[in-house]
Amino acid sequence: MLNLGVLASGRGSNFQSILDEIEKGNLKAAVKLLVTDNPGAYAIERAKKHGIEHLVLRPKDFPTKDSYYEKIAEELKARQVELVILAGFMRVVRAPLIEAYRNRIMNIHPALLPSFPGLHGQRQAADYGVRISGCTVHFVDEGMDTGPVIIQAAVPVAPDDTEDSLSERILKLEHRIFPEAIRLFAEGKLCVEGRKVKIAGYRPHDAALINPPLT
Ligand code: GRF
């Protein structure tokens with residue numbers, strides 16, 4: 001059983017997708033703690049509903065940014081958390097937490113990294129006019145959305161897509177690949193070698209998404 005700690009700032013639909021997979025018995029994990037920087041986060045309601053402890057920790061209540069992340073690392077360690085999940089945590093995590101959980105922090109980003117890092121990945125992709133975008137689960141390092149990639153999923157982008165329509169399409173895949181990445185970790189199948197994540201038992205496939213489709 002893998003002990004998870006979740007950090008979320010808002011709605012928490014990715015948090016919910018992980019809870020759902022645990023409850024269905026598809027993911028051998030337990031969420032030990034939700035940490036949020038936002039007292040109004042809907043993620044808190046989800047934690048309460050599932051009997052999960054939550055802490056509201058706000059950076060402004062700490063003397064430095066580093067001391068904020070030291071505190072989060074301390075609270076996670078105190079609950080024997082083994083893997084930290086950034087599920088819509090709208091901050092760049094700093095060294096004290098990254099060093100305490102090196103290659104044991106996962107983030108989901110709503111674009112195919114390294115394209116469109118930072119805020120509003122979906123809006124950036126729609127505005128750029130790419131034909132394919134998607135989402136990425138990656139380990140977290142010191143950069144902004146730069147850590148080793150674990151899983152990506154792609155969706156077609158239409159010329160008239162908006163940030164909202166594309167976000168909706170991408171979110172459905174986020175809810176599938178985030179629990180899957182955690183499952184691979186829980187089963188001991190992930191190994192980080194430099195920038196690359198090796199996946200035990202990975203079988204290559206040649207499925208292609210071409211957009212617009214060939215005529
Ligand atoms: C998602 O789009 C995720 O990719 C990004 O933040 C959003 C969080 O949504 N990192 P939710 O709070 O999980 O519903």
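In this text, all values refer to a predicted model and were calculated from it rather than measured experimentally. All values below come from the heavy atoms of this structure, side chains included, with hydrogens, waters and symmetry mates left out. As the structure lists them, so they are numbered: ligands from 1, and atoms in each ligand from 1. By convention here, the first residue in the shown sequence is residue 1.
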Using only heavy-atom distances, determine whether the side chains of [X] and [Y] contain a donor-acceptor pair under 3.5 Å.
X      : Y     : answer
His175 : Gln16 : no
Asn3   : Gln80 : no
Ser9   : Asn38 : no

Quiz prompt | Separation between CD1 of Ile44 and NZ of Lys49, rounded to the nearest 0.5 Å | solution = 15.5 Å

Give the residue, atom name and distance (to 0.1 Å) of the protein heavy atom nearest [atom].
atom                    : answer
atom 11 (P) of ligand 1 : Ser13 N, 3.4 Å
atom 10 (N) of ligand 1 : Ile108 O, 2.9 Å
atom 12 (O) of ligand 1 : Gly12 N, 2.7 Å
atom 9 (O) of ligand 1  : Arg11 NH2, 3.2 Å
atom 8 (C) of ligand 1  : Gly88 CA, 3.6 Å
atom 2 (O) of ligand 1  : Glu174 OE2, 3.3 Å

Quiz item: Given Asn14, Ile170, Leu171, Asp145, which has its nearest heavy atom closest to atom 13 (O) of ligand 1?
Solution: Asn14

Self-check item: Atom indices of ligand 1 within 4.0 angstrom of Gln122 heavy atoms, with elements
Solution: 2 (O)

Quiz item: Does Ala8 have a heavy atom less than 4.0 Å from any atom of ligand 1?
Solution: no

Quiz item: Non-hydrogen atoms of Gln16 versus ligand 1: any pair closer than 4.0 Å?
Solution: no

Quiz prompt | Minimum side-chain heavy-atom gap Leu83-Tyr101 below 4.5 Å | solution = no

Quiz item: Taking atom CZ of Arg176 as the centre, does the number of heavy atoms from other residues, nucleotides or ligands within less than 6.0 Å exceed 12?
Solution: no

Quiz item: Hey, which of Thr36, Val84, Leu34 is the one that makes side-chain contact (heavy atoms from CB on, under 4.5 Å) with Leu7?
Solution: Val84

